[in-house]
Amino acid sequence: MTSSAEGRARPANWNLPNAITVVRILLAPIFFWLVLADAGEGGGLRWAATALFVVAIATDGIDGHIARSRGLVTDLGKILDPIADKLLTSGALICLSILAEVPWWVTGLIVLREVGITVWRFVELGRGNVVPASSGGKLKTVVQAVAISVALAPLPVLFGEWMAWVNAVLIAAALVLTVWSGLLYVRDAVRLARTGRAGRA
């Protein structure tokens, strides 16, 4: 009776939410190629890249909602989902920096934070500690998605160069929230370390 209940409680790794996440990862190289192939011209390839990014980043919330609402949360999903998210956002910023549209130091800070916190969360997951996304982290993710979407879309071509200022403000907001939420995770890491030492003592 117990084993049957446990079997039902463990969803298969290859389910719909995880399939959506895998598709998001597979779309990333196509997105990168579209951005770089356009070479900053703001043509059809750039619009296609923008549309692909918006659709791909939107599925991040969709697969998470499906997984939670249908009881399909898996350890594989916990690993793949942040990888897909960081691959898209960090890769987009790197492409924009290659095209000299976002300063490299901004991209470097954001990518360093994203990779560092993700690695730490994986380490804690391996120890049996699930580190949930903080409210600051969730806000950061939303602002990053909006900022990168606006930076990708060749809006200055349509509305004028003042859109470059809008892009700059949004990227700055994303940077501030990224660093701030990263500091919150560092605080949590210190607390977990202290709790672990206290438990061993």
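- Taken to the nearest 0.5 Å, the CG atom of L177 stands 10.0 Å off from the CG atom of L184.
- Counting only heavy atoms from C-beta outward, the side chains of V35 and L152 approach each other to under 4.5 Å.
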Exercise for review: Go through the steps to decide whether L175 and W105 satisfy the test side-chain contact (heavy atoms from CB on, under 4.5 Å), and finish with yes or no.
Suggested key: CA-CA 10 Å; L175 175 63; W105 68 269; 3.7 Å; yes
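- L170 and V179 fall into different hydrophobic clusters, where Ile, Leu, Val, Met, Phe, Trp and Tyr side chains are chained together by heavy-atom contacts under 4.5 Å.
- Using a 4.5 Å heavy-atom cutoff, the side chains of D85 and E114 are not in contact.
- Across all their heavy atoms, S149 and V54 have their closest contact at OG-CG2, 3.7 Å.
- For S181 (side chain) and K140 (main-chain N/O), no donor-acceptor pair under 3.5 Å exists by modelled atom type.
- With hydrophobic clusters built from ILVMFWY side chains whose heavy atoms lie under 4.5 angstrom apart, I30 does not share a cluster with V55.
- In this structure, I148 and T89 approach most closely via the heavy-atom pair CD1-O, 3.7 Å.
- Closest approach of G42 and W47 over heavy atoms only: O-NE1, 4.0 Å.
- For T59 (side chain) and A56 (main-chain N/O), a donor-acceptor pair under 3.5 Å exists by modelled atom type.
- Hydrophobic cluster membership is shared by L26 and F31, with clusters built from Ile, Leu, Val, Met, Phe, Trp and Tyr side chains linked at under 4.5 angstrom.
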Review point. Would I57 and R24 satisfy side-chain contact (heavy atoms from CB on, under 4.5 Å), going step by step from the backbone distance to the final call?
Key: CA-CA 8 Å; I57 208 69; R24 197 158 77 248; 5.8 Å; no
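- Note on V146 and V102: separate hydrophobic clusters, where clusters join Ile, Leu, Val, Met, Phe, Trp and Tyr whose side-chain heavy atoms are under 4.5 Å apart, directly or indirectly.
- Closest non-hydrogen pair, F32 versus A92, comes out as CE2-N, 4.0 Å.
- With hydrogens and angles disregarded, no donor-acceptor distance shorter than 3.5 Å links the side chain of R46 to the backbone of P154.
- D38 places none of its side-chain heavy atoms less than 4.5 Å from the side chain of W33.
- Between A164 and P156, the shortest heavy-atom contact is N-CG, 4.4 Å.
- In this structure, A84 and T21 approach most closely via the heavy-atom pair CB-CG2, 3.9 Å.
- I171 contributes atom CD1, which lies 6.0 Å from atom CG of L93 (distance to the nearest 0.5 angstrom).
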Review point. Yes or no on side-chain contact (heavy atoms from CB on, under 4.5 Å) for W104 and L96, after CA distance, side-chain angles and deciding distance?
Key: CA-CA 9 Å; W104 274 108; L96 290 170; over 6 Å; no
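- Residues I110 and V150 do not share a hydrophobic cluster, defined by chaining ILVMFWY side chains whose heavy atoms lie under 4.5 Å apart.
- Judged by distance alone, the side chains of T178 and Q144 do bring a donor and an acceptor atom under 3.5 Å apart.
- Residues V169 and W165 fail the side-chain proximity criterion, which asks for heavy atoms closer than 4.5 Å.
- Atom CG of L80 and atom CD1 of I25 lie 5.0 Å apart (nearest 0.5 Å).
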